[in-house]
Every structure is written in C-alpha cells, then in structure tokens.
Amino acid sequence: PSELTAAFLWAQIENLDLIQNKRKKIWSQYYNQLNLLENNSGIQIPFIPAYATINGHIFYLVCNSPDERSALIEYLNKKGILAVFHYQSLHNSKYYRSKYVGPDLPNTKKYTDQLIRLPLFYSLTEDSISKITDSVISFYS
C-alpha cells in the first residue's frame with residue numbers, strides 16, 4: 001500500500017481494541033433491540049452458539065422473502081438509512097453460473113435473496129442505532 005494508506009491502517013491497528021469493542025457494542029445493541037422481532041415477524045437475526053463469540057463485523061437480518069427484503073431496504077432508505085443486500089452466492093453469479101457443475105444449493109439462494117445488512121461502523125451513534133432499530137421494528141409493526 002501507499003504510505004498514506006499504510007499510515008491510515010497503522011492508526012487503526014494502534015486502536016484495534018477500542019475499535020473492535022465499539023463494534024461489538026453496536027452489534028449487541030442491534031441484537032438486544034431486534035431480538036423480540038424475530039419471534040413476532042419471522043425474520044432471522046444472527047444466531048451465536050454458546051461456544052462462539054462475535055467480532056462485530058456485520059449485523060444482518062434474514063427477511064421472509066425477496067420482496068420483503070426489497071421493501072425493507074426501500075423503507076429504510078426513505079428514512080435516510082443505508083441498508084444493503086450483502087450475500088451473492090458464487091455459483092449463481094453472472095461469471096460463474098455457466099461454470100458451476102454441482103447440486104442445487106437452495107440455502108445459498110435464500111440468503112442471496114433475503115439477507116439485509118444494517119449499518120455497522122465505528123462512529124455510529126446510539127441515537128442512530130435507535131433510529132435504525134426503531135425503523136426496522138416499525139416496518140414490521
């Protein structure tokens with residue numbers, strides 16, 4: 001990398017614990033505020049087994065259908081919240097589709113079509129997190 005990029009990355013490495021802890025806190029706030037929604041709306045939130053830990057990389061929801069995901073993304077965008085789809089299955093990608101020889105993989109299609117990623121970055125404020133979670137909850141109300 002260039003010296004400028006290296007300096008930027010070095011500053012992040014020097015603050016790795018601070019940054020990582022903040023991201024985990026944001027992830028936990030999402031989880032705690034959206035946990036009840038899973039039972040009421042049928043969406044899925046991340047499941048963390050007892051033997052695992054989180055790294056705060058992303059927080060996602062798995063909607064009930066592709067149309068629901070599109071509607072939720074549009075609803076959030078109208079409220080100034082950038083939520084995006086995240087997962088593109090490799091075997092269905094434009095490049096690899098003609099090369100793939102193997103079984104049907106229905107779960108990959110589900111996640112490609114139904115997964116939405118919520119904003120998660122270091123400078124995300126508690127007010128922003130509340131706005132995002134309140135908006136998601138209001139969409140399903």
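Nothing here was measured: the structure is a model prediction, and the numbers come from that model.
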Please tabulate, for side-chain N and O atoms in residues 103-110, each donor-acceptor pair with protein atoms closer than 3.5 Å (sequence neighbours left out).
unit_1: Thr108; atom_1: OG1; unit_2: Leu105; atom_2: O; d: 2.6
unit_1: Lys109; atom_1: NZ; unit_2: Asp113; atom_2: OD2; d: 2.7

For Tyr96, side-chain hydrogen bond (donor to acceptor under 3.5 Å, both in side chains) partners two or more places apart | none
Listed by chain and number, what are the side-chain hydrogen bond (donor to acceptor under 3.5 Å, both in side chains) partners of Ser128, not counting sequence neighbours?
->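 With sequence neighbours excluded, Ser128 shows a side-chain hydrogen bond (donor to acceptor under 3.5 Å, both in side chains) to Thr125, given in chain and number order.
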Hey, is [atom1] on [X] packed in by over 12 heavy atoms from elsewhere, all under 6.0 Å?
X     : atom1 : value
Phe8  : CZ    : no
Lys99 : NZ    : yes
Leu4  : CG    : no

Is [X] reaching over with its side chain to a backbone N or O of [Y], donor-acceptor style, under 3.5 angstrom?
X     : Y     : answer
Arg69 : Cys63 : no
Asn35 : Ile45 : no
Arg97 : Asn92 : yes
Ser93 : Leu90 : yes

side-chain hydrogen bond (donor to acceptor under 3.5 Å, both in side chains) between Ser135 and Ser138, worked out | CA-CA 5 Å; Ser135 296; Ser138 94; 5.5 Å; no
Taking side chain to side chain contact (heavy atoms under 4.5 Å, CB included) as the test, write out the residues that go with [X], two or more places apart.
X      : value
Ala52  : Ile48, Pro49
Asp67  : Ser65
Asn77  : Ile73, Leu82
Ile137 : Leu34, Leu37, Ser141

Could you check Ile43 against Glu68 for side chain to side chain contact (heavy atoms under 4.5 Å, CB included), going step by step and ending with a plain yes or no?
-> CA-CA 10 Å; Ile43 65 165; Glu68 181 181 292; 3.6 Å; yes
Shared hydrophobic cluster for [X] and [Y] (ILVMFWY, side-chain gaps under 4.5 Å):
X      : Y      : value
Ile129 : Ile54  : yes
Leu120 : Tyr60  : no
Ile81  : Ile116 : yes

For Lys78, what residues pass the salt bridge (charged side-chain N to carboxylate O under 4.0 Å, His left out) criterion, not counting sequence neighbours?
->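 Only Glu74 meet the salt bridge (charged side-chain N to carboxylate O under 4.0 Å, His left out) criterion with Lys78.
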Report the C-alpha separation of Leu61 and Val136 in whole Å, then their side-chain angles, then the decisive distance to 0.1 Å, and conclude whether the side chain to side chain contact (heavy atoms under 4.5 Å, CB included) test is met.
-> CA-CA 10 Å; Leu61 306 172; Val136 171; 3.9 Å; yes
Connected to Ile13, directly or through other members, by ILVMFWY side-chain contacts below 4.5 Å are Trp10
Test log, rule side chain to side chain contact (heavy atoms under 4.5 Å, CB included), inputs Leu115 and Val62 = CA-CA 4 Å; Leu115 193 141; Val62 181; 4.2 Å; yes
Could you note down all residue pairs passing ring-ring contact (aromatic ring centres under 6.0 Å, His included) where residues 105-141 supplies at least one of them, sequence neighbours left out?
->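 Residue pairs passing ring-ring contact (aromatic ring centres under 6.0 Å, His included), neighbours aside: Tyr75-Phe139.
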Summary of ring-ring contact (aromatic ring centres under 6.0 Å, His included) pairs that have at least one residue in residues 19-56, sequence neighbours excluded = Trp27-Tyr31, Trp27-Phe59, Tyr30-Phe59
Can you tell me which residue pairs pass the salt bridge (Lys or Arg N to Asp or Glu O under 4.0 Å) test with a partner in residues 23-45, sequence neighbours excluded?
->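 Sorted pair list: Lys25-Glu126.
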Verdict with reasoning, Leu118 to Thr133, per side chain to side chain contact (heavy atoms under 4.5 Å, CB included) = CA-CA 9 Å; Leu118 298 180; Thr133 56; 5.8 Å; no
So how far is it from Asp17 CG to Lys22 NZ, rounded to the nearest 0.5 Å?
->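 Result: 15.0 Å between the selected atoms.
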